[in-house]
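Down below is the structure, laid out as structure tokens.
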Protein chains: 2
Amino acid sequence: MKRENLVYSEEIKEILLKKGIAPSFQRIKIYEYLISHRVHPSAERVYIDLVGFIPTLSRTTVHSTLNLFADKGMARRLFIDGNLVRFDIDSSDHMHFKCTKCGEVYDILKSSPKVTSPEHKVLSGEMYLYGICKKCKEE
Amino acid sequence: MKRENLVYSEEIKEILLKKGIAPSFQRIKIYEYLISHRVHPSAERVYIDLVGFIPTLSRTTVHSTLNLFADKGMARRLFIDGNLVRFDIDSSDHMHFKCTKCGEVYDILKSSPKVTSPEHKVLSGEMYLYGICKKCKEE
DNA sequence: TCCATAATTTGTATTTATTACAATGTTGAA
DNA sequence: TTCAACATTGTAATAAATACAAATTATGGA
């Protein structure tokens, strides 16, 4: 393994430890995948792309790890698709846009509108946008 | 069947015909269910609640009818839950709030914020809010 | 170092939502 | 009335996610 990757892994180890998560090989690799593939992948996408590197990897591990990251506030679950959960390692305040032609999900780097309700206690919000992405427009 | 329901059905027939949808018994009943049960039900919820009245009803019919309504712009698909699609017969511009305690989904009668992007062509948007609902707060 | 225990991963089975599809039933126009 | 088009049904298939127990790995104390 290249030196950069080792350094990378060391940094990720500390991030996980700070969140109280034991930095296992699988968890480090999944975290590393998320920060280097910013396409809001589904669990299946993560599994398919990593099982080549980690032949013993199981889908269950991917699911439980992604859920662990989400529950610890290190990743966001996106429901922009319906019928499948996508994960975004960037938990900062921003919106998401899905191209209805190619299916790609992009970040929209604006903070989500703050909405309140006179009745309910609103704790968080998500804004999903739909349309045609830059690439598909140009074709 | 009571007279009111018959009148009701007549009105729904016309609504469906105007949208180019043949007003079959099942479609009328599903439409009627949606306008009288404003809880953003899933297909399964609609099926369970209607199969008592229509013993021959099948899940496939419910799914295809709800998808038909959505595709014709008569209903909205809500992805507020992840892993299951909810339907809202009110396709006017408003937001949705899900109580993370009881799971209920409420309407928030404000129009969704209009968001644009310098890159992509944004055609529509959905805002989902999460928190504790009025009922659960009071307990 | 060795062992016991806890934590993690794995693989299989199950659950749940949805769609595919063919067979059956219904309807409306010629 | 007849027939073709459309709608409904039921079964099977697909897909995402979870449950769970067995296997593996890591950890800390003697």
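The structure displayed is predicted, hence computed values, not measured ones. Values reported hereafter were calculated over all heavy atoms of this structure, with side chains retained and with hydrogens, waters and symmetry mates removed. Numbered from 1 within each chain, the chains take letters A, B, ... in sequence-line order.
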N or O in side chain of B:Thr60 less than 4.0 angstrom from D:dT8 OP1/OP2 | no
The salt bridge (Lys or Arg N to Asp or Glu O under 4.0 Å) partners of B:Lys114 (sequence neighbours excluded) come to B:Asp93
Roughly how many Å is it from NZ in A:Lys13 to P in D:dA26, rounded to a whole number?
-> 11 Å
Between B:Leu57 and B:Asn83, which has a closest nucleotide on DNA chain D that is more 5'?
-> B:Leu57
Between atom CG in A:Leu16 and atom P in D:dA26, what is the gap in whole Å?
-> 15 Å
Calculate the interatomic distance between A:Ile30 atom CD1 and C:dT9 atom C1'; express it in whole Å.
-> 10 Å
Grab the two heavy atoms, one from B:Ser42 and one from B:Leu84, that are nearest each other, plus how far apart they are.
-> CB-CD1, 3.1 Å
Counting only side-chain N and O atoms of A:Gln26, is one of them less than 4.0 Å from OP1 or OP2 of D:dT25?
-> no
Closest-nucleotide 5' rank along DNA chain D - winner of B:Pro55 and A:Arg86 = B:Pro55
Which hydrophobic side chains are connected to A:Leu109, either touching it within the sub-4.5 Å cutoff or through other members that do?
-> none
Round to a whole Å and report the spacing from OH of B:Tyr47 to P of D:dT9.
-> 9 Å
For C:dT9, does either OP1 or OP2 sit under 4.0 Å from a side-chain N or O belonging to A:Ser24?
-> yes
Among D:dA17, D:dA7, C:dT19, which nucleotide sits nearest the side chain of B:Ala22?
-> D:dA7
From C:dT18, C:dG11, D:dA16, pick the nucleotide closest to the side chain of A:Leu84?
-> D:dA16
Distance, rounded to the nearest Å, where B:Ile54 contributes CD1 and C:dG25 contributes P = 18 Å
Given D:dT9, C:dT18, C:dT10, which nucleotide is nearest the side-chain atoms of B:Ser58?
-> D:dT9
Take atom CD1 of B:Ile28 and atom P of D:dT8, then tell me their distance rounded to the nearest Å.
-> 10 Å
Drop me the distance from B:Thr65's OG1 to B:Ile21's CD1, to the nearest 0.5 angstrom.
-> 9.0 Å
So, is B:Asn67 near the phosphate of C:dT19, with a side-chain N or O under 4.0 Å from OP1 or OP2?
-> yes
Indicate, with a heavy-atom threshold strictly under 4.0 Å, whether B:Thr56 touches base, sugar-phosphate, or nothing.
-> sugar-phosphate
Relative to the ring of B:Tyr31, is the ring of B:Phe69 parallel (under 30°), tilted (30 to 60°) or perpendicular (over 60°)?
-> perpendicular
Interatomic distance where CG belongs to A:Asp81 and P belongs to C:dT19 [whole Å] = 13 Å
Counting just side-chain N and O atoms, does A:Thr61 come under 4.0 Å of either OP1 or OP2 of C:dT10?
-> yes
Between A:Arg45 (CZ) and D:dA15 (P), how many Å, whole number?
-> 14 Å
Determine the contact category for A:Arg59: base if any of its heavy atoms lies under 4.0 Å from a base atom, sugar-phosphate if only primed atoms, P, OP1 or OP2 are that close, otherwise nothing.
-> nothing
